[in-house]
Amino acid sequence: MPSTPLSSFDRRRALAALGGLALAPFALDAQAQAFRPGQPVKVLIGVPAGGTQDVLTRAIAQQVRDALGPLIIDNRAGAAGRIAAETVKTAAPDGHTLLLGTASMMTMFPSAYRSLSYDPVKDFVPIINAARFELALTVHKDVPANTLAEFIAWARAQGDKLSFGSYGAGTPSHFLGEMLNRAAGLKMVHVPYRGSTPARQDLMGGTVPVYFDTVGGAQQMLPTGRAKVLATSGEKRSPLMPNLPCFVEAGYKDVVATAWFAYYAPLKTPQPVVDKLRAEFTRAVNAREVRQLLLQNGMYPVGDGSEALLKTMREDTARWAGIMKAVNFQATD
């Protein structure tokens, strides 16, 4: 059949239809990235279930359920948290998949590993630094020291015959011991453990005389009478152990080690979605019930937004890079 010329009206309709088809992928992409209130928000955590990261996330989940929907914890243990980070890096940027990033994952691993499969700054959008905690110098009950000064004097006399435990090679616990070695002229030998539980057991049993634990973990050991806590690692005294000095207060200004838990979204998550998540998470962290629960578990709330969190990340990355270079540390797993 011979073709019939299109009228100007038909041409306009055809062009509009073609334009709609051209824009369809963009519309679908925008729809895919839109946050869907009431739908589950999955939070990936890089350690096995039952730890303080679960405690924090469950506490927040109770506060944000009405505004966001259910928060579901997905424990992706393995590779020291790198599996969780890699998974969130490639997740849909719609606010429904988040990462609970630790200080180790986001500020230590870039220096610890020669090749890291994610960039903590370039591959994620920071939402909120939710909680912080310090570490503590803990010793077995038979160590002849009841103050930091007494410990330093005793440790110097032991030379390289004295060992200290950490809850893992390449963790804040490990590097706090190395910092104190350098700052105080000690020669303690590092003994890495696979987690805090075996390290605490060996400290209380006397197998290792010194262990750098979290403040919350140190608090758990005190009632047993088999451990003593001599100092904490923040820039000022810990609100959880205000009667103890920090290393800075004792004159060791470079012996600072704090750890934290922060939430991140994948890169390209729309700003309105990030703003909504940040607002609800901030409200949750500041809730009285959450603050009390964090203190009971050895943490205290922070609530820093993206700019403050990025500043913390830059400062901590530089600090850890310096100590790793000084002790020639390189992660192998």
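Being a predicted model, the structure only gives us computed values, none of them experimental. One is the number of the first residue; the rest follow in order along the sequence.
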Exercise answer: donor-acceptor pairs, residues 119-131 side-chain atoms, under 3.5 Å, sequence neighbours excluded:
| unit_1 | atom_1 | unit_2 | atom_2 | d |
| --- | --- | --- | --- | --- |
| D119 | OD1 | V121 | N | 2.9 |
| D119 | OD1 | K122 | N | 3.0 |
| D123 | OD2 | D119 | N | 2.7 |

Do side-chain atoms of [X] reach the backbone of [Y] as a donor and acceptor pair under 3.5 angstrom?
X: H96; Y: P40; result: yes
X: S166; Y: S173; result: no
X: T107; Y: D316; result: no
X: Q330; Y: A112; result: yes
X: T90; Y: T87; result: yes
X: D54; Y: A49; result: no

Nonpolar side-chain network containing [X], other nodes, edges under 4.5 Å:
X: L240; value: V215, L222, V229, M241, L244, L295, Y300
X: V256; value: V248
X: V55; value: L293

Would you check if [X] and [Y] make a side-chain contact, meaning some heavy-atom pair closer than 4.5 Å?
X: Y167; Y: R194; answer: no
X: K187; Y: N181; answer: no
X: M324; Y: E178; answer: no
X: L162; Y: V189; answer: no
X: Q53; Y: T102; answer: yes
X: I152; Y: L180; answer: yes
X: L137; Y: Y211; answer: no
X: T269; Y: P266; answer: yes

Going only through I, L, V, M, F, W and Y residues with side-chain contacts under 4.5 Å, is there a path from [X] to [Y]?
X: I45; Y: L309; answer: no
X: Y252; Y: W320; answer: yes
X: V64; Y: L99; answer: no
X: F281; Y: M313; answer: no
X: L56; Y: V47; answer: yes

Can you tell me how far apart [atom1] ([X]) and [atom2] ([Y]) are? Round to the nearest 0.5 Å.
X: Y118; Y: Y264; atom1: OH; atom2: OH; answer: 9.5 Å
X: Q39; Y: D94; atom1: CD; atom2: CG; answer: 10.5 Å
X: I323; Y: S111; atom1: CD1; atom2: OG; answer: 11.5 Å
X: L71; Y: L98; atom1: CG; atom2: CG; answer: 7.0 Å
X: K89; Y: L44; atom1: NZ; atom2: CG; answer: 15.0 Å
X: T52; Y: L100; atom1: OG1; atom2: CG; answer: 8.5 Å

Subject >> Trace of the side chain to side chain donor-acceptor pair (under 3.5 Å) decision for S238 with E134 >> reply: CA-CA 7 Å; S238 169; E134 288 99 4; 3.2 Å; yes

For [X] versus [Y], what's the shortest heavy-atom pair and its separation?
X: T258; Y: G234; value: CG2-CA, 4.0 Å
X: V208; Y: A199; value: CG1-O, 4.4 Å
X: G177; Y: M188; value: O-CE, 4.1 Å
X: I60; Y: A284; value: CG2-CB, 4.0 Å
X: P270; Y: P93; value: CD-O, 3.2 Å
X: Y193; Y: G165; value: CE1-CA, 4.2 Å

Output all residues satisfying salt bridge (Lys or Arg N to Asp or Glu O under 4.0 Å) with [X], sequence neighbours left out; order by chain, then residue number.
X: R237; value: E249
X: D275; value: R278
X: D202; value: none
X: E315; value: K311

**OP:** If a pair satisfies salt bridge (Lys or Arg N to Asp or Glu O under 4.0 Å) and one of its residues is in residues 279-308, list it, with sequence neighbours excluded.
**Re:** E280-R283

Original post:
For the ring pair H174 and F212, is the centre-to-centre distance below 6.0 Å?
Top reply: no

**OP:** Establish, yes or no, whether a centroid distance under 6.0 Å links the rings of F175 and F329.
**Re:** yes

Subject >> Verdict with reasoning, V43 to D74, per side-chain contact (heavy atoms from CB on, under 4.5 Å) >> reply: CA-CA 6 Å; V43 179; D74 185 347; over 6 Å; no

Subject >> Which residues share a ring-ring contact (aromatic ring centres under 6.0 Å, His included) with F261, sequence neighbours left out >> reply: F133

Original post:
Is any NZ, NE, NH1 or NH2 atom of the basic residue among D254 and R319 found under 4.0 Å from an Asp or Glu carboxylate oxygen of the other?
Top reply: no

Subject >> More than 12 heavy atoms of other groups within 6.0 Å of Q158 CD >> reply: yes

Original post:
side chain to side chain donor-acceptor pair (under 3.5 Å) with Y263: which residues, sequence neighbours excluded?
Top reply: T57

Original post:
Is the cationic atom of R82 (NZ for Lys, CZ for Arg) positioned less than 6.0 Å from the six-membered ring centroid of Y113 and within 45 degrees of its normal?
Top reply: yes

**OP:** Start with the C-alpha gap between T224 and K141, add the side-chain angles, then the distance that decides, and say whether side-chain contact (heavy atoms from CB on, under 4.5 Å) holds.
**Re:** CA-CA 10 Å; T224 70; K141 66 180 181 62; over 6 Å; no

**OP:** Could you note down all residue pairs passing side chain to side chain donor-acceptor pair (under 3.5 Å) where residues 144-156 supplies at least one of them, sequence neighbours left out?
**Re:** N146-K228

